[in-house]
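Okay, so here's the structure we're looking at.
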Number of protein chains: 2
Amino acid sequence: MKLTIYDIAREAGVSATTVSKVINNKGRISEKTRKKITAIIDKRHYQPNVLASAMKGKSTYTIALLIPDAANPIYAQYLKYIEEYGQELGFSVVMCSTGSDPKKEAKHITLLKQKRVDGFIIASFFKNEPVLRQLIEEEIPLVFIAFHRPELPVGSVAGDDYLGGYVATEHLLSLGHCRIGIIAEEGTASGAERPRGYEKALINAGIEVDKNLVITTTDPTIEGAQLCARELLTNRQRPTAIFGCNDILAIGAIMAAKELGIKIPDELSIIGFDNAVMCKVVEPQLSSIDIPIHEMGRKAMGLLIQQIEQKDNTRQRISLLPELVIRQSTARLNERESI
Amino acid sequence: MKLTIYDIAREAGVSATTVSKVINNKGRISEKTRKKITAIIDKRHYQPNVLASAMKGKSTYTIALLIPDAANPIYAQYLKYIEEYGQELGFSVVMCSTGSDPKKEAKHITLLKQKRVDGFIIASFFKNEPVLRQLIEEEIPLVFIAFHRPELPVGSVAGDDYLGGYVATEHLLSLGHCRIGIIAEEGTASGAERPRGYEKALINAGIEVDKNLVITTTDPTIEGAQLCARELLTNRQRPTAIFGCNDILAIGAIMAAKELGIKIPDELSIIGFDNAVMCKVVEPQLSSIDIPIHEMGRKAMGLLIQQIEQKDNTRQRISLLPELVIRQSTARLNERESI
DNA sequence: GTGAAAGCGCTAACAC
DNA sequence: GTGTTAGCGCTTTCAC
């Protein structure tokens with residue numbers, strides 16, 4: 001703890017400068033002194049103080065990840081993979097749960113700027129526009145994950161939510177379903193794109209979008225979705241399929257169907273989105289749209305590091321392709337039942 | 001970014017010291033200069049450089065949380081609540097996934113010591129004993145969450161796993177089950193305590209522990225547990241109840257039962273541990289043992305902050321009481337079936 | 001090849 | 001009440 005570069009220098013009979021050069025592989029050092037110094041460093045378990053070197057303009061090798069809710073399994077996965085890649089590169093990641101609250105967002109950003117983190121990854125969305133613009137203006141390395149903001153000069157990587165919504169709906173369509181309900185989540189970026197894909201797929205199939213079949217909820221929990229689904233399923237003309245814009249929403253729909261004695265998939269097909277672990281656990285197992293989260297996490301971290309290290313100005317927008325995963329919750333429309 | 005305390009001092013026509021004192025509420029400053037200085041700080045959006053003040057021996061207001069796997073929903077919850085409380089107190093938390101790998105553990109600790117984090121919270125367990133002892137020796141603030149190490153002078157907060165195992169087993173016993181299988185996880189702290197509770201409950205009930213009914217797995221996934229459960233259920237004399245030492249393990253058992261056409265809870269009762277969200281999603285809904293994770297997270301953070309701020313030496317060991325949550329996967333033993 | 005000196009932005013004695 | 005000075009541990013010219 002109290003061991004400094006001077007202690008090492010003294011023991012090696014050289015100056016602190018020389019030791020610093022050895023540590024950072026800079027300048028010309030004779031093989032002999034280099035060996036001697038590294039030997040002493042090892043012996044004493046000397047570890048340079050990152051704070052001090054950061055003070056001299058070097059990086060802190062720390063980045064911040066802002067996510068709405070760390071306990072949400074999907075976000076937890078982003079965190080995992082971002083951290084995993086960061087670790088390989090020698091970066092630490094500080095995790096910030098914002099609870100989607102603009103005040104907390106601002107508080108975190110302020111604090112972390114004071115701590116001189118090298119950059120930020122913002123997941124899913126960000127409400128505090130002024131703070132965001134400030135970040136961009138100050139040219140602090142910044143990357144979005146799980147959403148795009150095409151109008152902003154910020155790199156981003158996300159699953160293609162629009163396409164995912166399209167694919168999910170098309171799957172249902174291909175099974176003969178025409179009356180397809182959708183439960184969407186309000187206020188998130190994906191909450192807008194996925195329904196757009198849904199609408200597009202319907203229109204392409206020559207089906208008019210029925211507003212009675214579209215529900216948007218502000219309570220994206222199983223219970224909240226269950227409520228929505230109940231509404232959908234007690235319609236005079238109930239849908240034969242439901243697209244839940246994420247797996248939680250879809251599971252809420254499964255719950256509602258069970259409650260109402262509606263058989264899945266015989267009388268009702270349900271598809272989710274995200275392909276979370278839960279899909280394999282519910283009964284029936286939930287068909288879903290898989291997003292390559294691992295790849296997203298690494299790509300986002302990669303983008304950020306690029307900005308940090310090379311002062312690189314290219315801002316990429318990366319969309320990763322979703323994939324349909326068919327399980328037991330979707331089936332061909334049973335003509336007799338559909339009446 | 002480039003605004004320093006000197007810029008503020010100059011603008012206010014005072015010295016940097018005075019500004020520093022205002023910021024830290026130290027020494028005597030006239031109300032007039034204080035007002036003037038704070039006004040300028042606000043106007044210029046000046047934010048002190050935490051690195052620089054940390055260099056002068058102050059804290060970094062950053063702590064590290066080491067967990068085996070960030071994507072595990074249970075750990076993600078610890079993270080969430082620790083971060084939440086930390087934030088209230090002005091602390092950032094850097095998240096480290098160790099993958100239970102001693103090398104990674106060491107790498108993280110080394111790096112974070114270089115970054116002068118104020119302290120560490122280690123979750124679930126820690127393999128690298130030498131590194132751990134080093135940490136203790138250096139008197140770096142340290143707290144364990146989700147496990148105890150009574151022989152070490154380290155504060156810790158955990159659910160009472162022993163009691164939890166006892167309660168789970170007793171619940172099964174009270175329903176008339178005598179042949180109770182258990183699927184445990186190898187290598188974790190809770191992986192040892194929960195089975196101990198199970199054994200104690202059996203012994204108290206006058207039932208001998210049958211080693212054929214105890215399985216320990218190194219693969220704590222649904223699939224891994226499914227394998228174990230299959231083994232248990234294809235025994236010549238199969239158990240009438242299974243205690244999964246965590247919910248994932250219990251869900252694996254549910255899967256195995258379904259696969260073998262064994263009805264739950266009519267022919268087989270299953271209980272899990274942790275009371276994760278998944279319990280409500282599986283069919284039948286899983287009885288489980290609830291651990292007050294929120295409280296654990298806050299208590300752990302509180303313990304750590306105490307050590308950091310007050311150089312407090314009392315090392316508390318806090319055990320939080322688990323609670324039985326009965327759902328649909330456990331039922332009274334059907335005498336006819338039990339033969 | 002190596003070292004002396006200056007300074008990153010801040011705080012803590014210790015004057016005044 | 002306020003300022004001067006020194007220094008945290010490191011890196012970086014620039015001189016030798």
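All values below come from the heavy atoms of this structure, side chains included, with hydrogens, waters and symmetry mates left out. In what follows, chains carry the letters A, B, and so on, assigned in the order in which the sequence lines appear, proteins first and then strands, with residues in each chain numbered from 1.
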Would you say B:Thr18 reaches D:dG1's phosphate, i.e. side-chain N/O to OP1/OP2 under 4.0 Å?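 No, B:Thr18 has no side-chain N/O under 4.0 Å of OP1/OP2 on D:dG1.
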Below 4.0 Å: OP1/OP2 of D:dT4 and any side-chain N or O of B:Ser15: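 Checking D:dT4 against B:Ser15, no side-chain N or O comes under 4.0 Å of OP1 or OP2.
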Say whether, by atom type as modelled, one donor and one acceptor occur between the side chain of A:Gln316 and the main chain of A:Gly155 under 3.5 angstrom.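 Absent.
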Distance check needed: [N] [atom2] versus [X] [atom1], whole Å only.
X       : N      : atom1 : atom2 : value
A:Ile37 : D:dC10 : CD1   : P     : 14 Å
A:Arg28 : D:dC16 : CZ    : P     : 18 Å
A:Ile8  : C:dT2  : CD1   : P     : 17 Å

Do B:Thr18 and B:Ser15 have a side chain donor and acceptor closer than 3.5 Å?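 Judged by distance alone, the side chains do pair up.
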Looking only at the side chains, is there a donor atom on one of B:Ser92 and A:Lys115 sitting less than 3.5 Å from an acceptor on the other? yes
Any non-hydrogen side-chain atom of B:Tyr85 less than 4.5 Å from a side-chain atom of B:Ile305? no
Is there side-chain contact between B:Cys96 and A:Gln87, with at least one heavy-atom pair below 4.5 Å? no
When B:His294, B:Glu295, B:Met301 are each screened for side-chain contact (heavy atoms from CB on, under 4.5 Å) with B:Arg298, the one that passes is B:His294
For A:Phe120, the option from A:Ile109, A:Val143, A:Leu304 that meets side-chain contact (heavy atoms from CB on, under 4.5 Å): A:Ile109
What does the B/S/- profile of nucleotides 10-16 of chain C look like, 5' to 3', with a 4.0 Å heavy-atom cutoff to protein? BBBB---
Axis bend over the full length of the helix from C:dG1-D:dC16 to C:dC16-D:dG1, computed from five pairs that close each end, to 10 degrees: 40°
Any chance you could lay out the side-chain hydrogen bond (donor to acceptor under 3.5 Å, both in side chains) test for A:Thr60 and A:Asp118, step after step, and finish with the verdict? CA-CA 6 Å; A:Thr60 51; A:Asp118 295 333; 3.1 Å; yes
